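A short write-up of the structure that comes next.
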Number of protein chains: 2
Amino acid sequence: MALLSYIRRNRKLVPQINKDEALCEMLNGNLPEGDTSLITLFKELDNTIKAEDANVKDGALNNAHGDWYEYLLGIASWNLFVSGDAANLALILPNIRQFDVATLYNEEFCNIIYDLREKIVASTDVELITSNPDFVIVSGDVVRQRVSEFEPITELTTENLNFISSLYQSFVNSCGFDDIIGYIGVKASLRPDRRLQLPHEGSLMKAIYVHLQTRNWIIDPKGLKYYAISRSINDSDRKALRTVATHSITTVHNEPQAAVDEVYAVDSLNSATDVLSRILN
Amino acid sequence: MALLSYIRRNRKLVPQINKDEALCEMLNGNLPEGDTSLITLFKELDNTIKAEDANVKDGALNNAHGDWYEYLLGIASWNLFVSGDAANLALILPNIRQFDVATLYNEEFCNIIYDLREKIVASTDVELITSNPDFVIVSGDVVRQRVSEFEPITELTTENLNFISSLYQSFVNSCGFDDIIGYIGVKASLRPDRRLQLPHEGSLMKAIYVHLQTRNWIIDPKGLKYYAISRSINDSDRKALRTVATHSITTVHNEPQAAVDEVYAVDSLNSATDVLSRILN
DNA sequence: TCGCGCCGGCGCG
DNA sequence: TCGCGCCGGCGCG
C-alpha cells in the first residue's frame with residue numbers, strides 16, 4: 001500500500017516506523033490544534049499505526065512518543081522566540097554519542113570542563129556521566145548572533161523537524177558562562193523509577209556548573225536551571241523531583257538546592273507555550 | 001486448563017501472571033542448575049508462558065523478570081550465609097511505600113535520618129528521594145542475633161520465596177551504624193537511561209550516610225558500599241556506573257568517590273555465589 | 001554493529 | 001485505586 005511510506009520493512013520483514021514521516025503524514029502536515037491533548041493524540045496515532053500494521057511493537061511506539069513530544073516542544077519554543085515573546089530559546093539536543101554538550105561553551109569554558117573530567121578520571125578512576133539533557137536553554141543574545149532567519153514553523157514537515165532538531169549545531173563554541181541558562185528534561189510520561197533520571201541529570205549538570213564557577217572565581221553567578229516537563233505529573237512525581245542535588249547537602253555552608261528547579265505538566269501546544277514563556281523569560 | 005494456575009484472568013479477562021507460582025511451577029520446584037544462563041532460562045520461561053497464553057504482554061514478563069532475578073540472588077545469598085561462606089547477608093527489600101529502610105537502624109540513627117529529612121524539607125522544600133535499593137547488606141552479627149534457624153533453600157516453593165523476600169522484617173530497629181554494610185542495585189538488564197538510576201541511588205544513600213557520620217562525630221568510618229549487579233554488562237555500562245557521587249566533588253578536601261563501588265555481571269547461580277562471596281566478605 | 005535515550009504495560013500491596 | 005519499581009523493544013546515527 002503506497003500510503004504506508006512511514007512504515008518500512010527491514011530485511012527480516014520486521015516493520016519499522018519512520019518517526020518523522022509518521023508524525024507529519026498522520027497529521028497531514030498540520031500542527032495539532034493548540035488545545036489538543038497530546039495524551040489523546042498520541043493514542044490516536046498509535047491506533048492508526050497499529051491498524052496499518054498489527055506487528056508494530058509497543059517498544060517502537062514508545063520510542064516514537066519520545067521524539068514526537070520533543071519535536072512539538074521544540075517547535076513551540078522556536079515559534080515563541082520568533083514571535084518575540086521569549087527572551088531565550090530552548091533547543092533540542094541529540095544524544096551524547098553524537099554531541100558533547102560541553103562544546104556549546106566557548107573554548108575557555110569547554111577546556112575547563114575537559115580538564116575537570118580528565119583530572120577526576122586520572123586521579124580516582126571516577127566519571128561524570130549522565131545522558132544528554134533533552135533541551136538546552138541558550139540566551140537570546142547568542143541566538144541572534146548565530147541565527148539570521150526567524151520564520152515561524154506553521155507546517156509539520158520532515159524539513160521543519162530536521163531544522164529544529166539540528167539547530168543546536170549553530171551554537172557550537174559560542175556560549176559564554178551566562179549564555180547557557182539551563183536545561184530541560186522532557187519525558188512523555190513518568191514512572192517512579194524513570195523519573196529519578198531527572199534529578200540525576202540535574203545534579204550532575206549543576207555540580208559541573210559549580211565547578212566552572214569555582215575555577216573562574218565567578219562571584220554571585222546566576223545559577224544553572226534544570227526544569228522537567230511531562231504530559232502528566234502527579235504529587236509523588238512532584239515530590240520525587242524536588243530531590244536535593246547531593247553536592248549541596250554535605251556542608252552546612254550551602255543551602256540545600258533542588259536538582260530540578262521546576263516541574264511542569266504540558267499536554268498541549270497551548271500549555272507548551274504557557275510553560276515555555278515562564279521558563280524562557 | 002488446570003495446569004495454568006500461574007496465569008489468572010481478571011474481571012476483564014486480561015491474563016495476569018502470578019510471578020512466584022509461575023517461577024516455581026515452570027521449574028518444577030527445582031533451583032536452576034548452577035551453570036544455567038539466566039538470560040537463556042528467562043527466555044525459555046517467557047516462551048512457555050506465551051505458549052500458554054499469547055495475550056500475555058511483554059510488560060508482564062518484564063515485571064516478572066525483575067522479581068525472578070532478585071529471588072534467585074536472594075536465595076544464593078541466604079545459602080551462602082547458611083553454608084558459613086559469607087560474613088554478611090544480602091536481604092531483598094520491598095518498595096519504599098511498604099518499608100522505610102531507615103527503620104533498619106536502631107532508634108538513635110533512625111531518628112537522625114528522620115531529623116535530616118525534616119530539616120531539609122522544612123528549610124528549603126527540598127527532598128531526599130530515591131527508590132529503595134533492591135538489597136541491603138547487613139552484618140553477620142546482627143543476622144545471628146535476629147535469626148534462629150539456618151536451613152539452606154534447596155527447593156523453589158512459594159513459601160521459600162516468601163521467606164527470603166520478607167526476611168528483612170526481622171531486622172527492623174536492630175542495626176547499629178556499622179551493621180548496614182551497604183546496598184546492592186540489581187537489574188536483570190541495563191539500558192543507557194535506566195542504568196543511571198543506580199548512581200542516583202548510590203549517591204543518595206552515601207550522602208545520607210556521610211550526614212549520619214558527621215552528626216555523630218564518627219571518625220574514620222568504614223564507609224557505605226553500593227554495588228550493582230546485572231545479567232550482562234558492557235563497557236559503556238561500566239563506565240557510566242563509575243559516575244561520581246556528586247557530594248564528593250564540590251570541595252577539594254574529599255577525594256571524588258564513585259556512587260557505585262563495584263559492578264558485577266551475574267548470569268547464573270554459580271556466578272551469583274562467586275560474586276556474593278566477594279561482596280559479602 | 002552497537003550505543004543512545006526513548007517509554008508504556010505490568011504484579012503486587 | 002494507585003504508587004512502586006520492574007524491564008525489554010525500539011529508530012537512529
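A note on names: the letters A, B, ... follow the listed sequences, proteins ahead of strands, and every chain is numbered from 1. Heavy-atom basis, side chains included; hydrogens, waters and symmetry copies ignored. Note that this is a predicted model, so its numbers are computed, not measured.
Within 6.0 Å of the CG atom in B:Asp235, the count of heavy atoms belonging to other residues, nucleotides or ligands does not exceed 12.
Counting to the nearest Å, the P atom of D:dC4 and the CG atom of B:Leu93 are 16 Å from each other. Residue A:Lys43 contributes atom NZ, which lies 13 Å from atom C1' of C:dC7 at whole-angstrom precision. Here C:dC6 presents its P atom at 16 Å from CZ of A:Arg195, a figure rounded to the nearest Å. Spacing between atom CG of B:Leu72 and atom C1' of D:dC6 amounts to 15 Å, rounded to whole angstrom units. As a whole-Å value, the separation of B:Tyr69 OH from D:dC6 P is 13 Å. Protein atom CG of B:Leu196 is 10 Å distant from nucleotide atom P of C:dC4, rounded to whole Å. The CG-P distance, from A:Leu241 to D:dC4, rounds to 11 Å in whole Å. Following rounding to the nearest Å, A:Asp237 (CG) and D:dC2 (C1') show an atom-to-atom distance of 12 Å.
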Going 5' to 3' through nucleotides 8-13 of chain D and flagging B where a protein heavy-atom sits under 4.0 Å of the base, S where only the sugar-phosphate is that close, and - otherwise, we get BBBBSS
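When each of D:dC4, D:dC6, C:dG5 is scored by its nearest atom to the side-chain atoms of A:Ile96, the top-ranked nucleotide is C:dG5.
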Salt bridge (charged side-chain N to carboxylate O under 4.0 Å, His left out) evaluation trace for B:Lys187 with A:Asp193:
CA-CA 12 Å; B:Lys187 293 188 180 295; A:Asp193 59 330; 5.6 Å; no
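Side-chain polar atoms of B:Ser131 and B:Glu201 form a donor-acceptor pair below 3.5 angstrom. A donor-acceptor contact closer than 3.5 angstrom links the side chains of B:Thr157 and B:Asn160.
Remark: A:Lys19 does not engage A:Glu70 in a salt bridge, criterion side-chain N to carboxylate O under 4.0 Å.
Test B:Arg231, B:His65, B:Arg195, B:Arg194 against B:Ser189 for side chain to side chain donor-acceptor pair (under 3.5 Å) and you get one pass: B:Arg194.
Each of B:Asp134 and B:Arg97 was matched to the nucleotide of DNA chain D holding its nearest heavy atom; the match closer to the 5' end belongs to B:Arg97.
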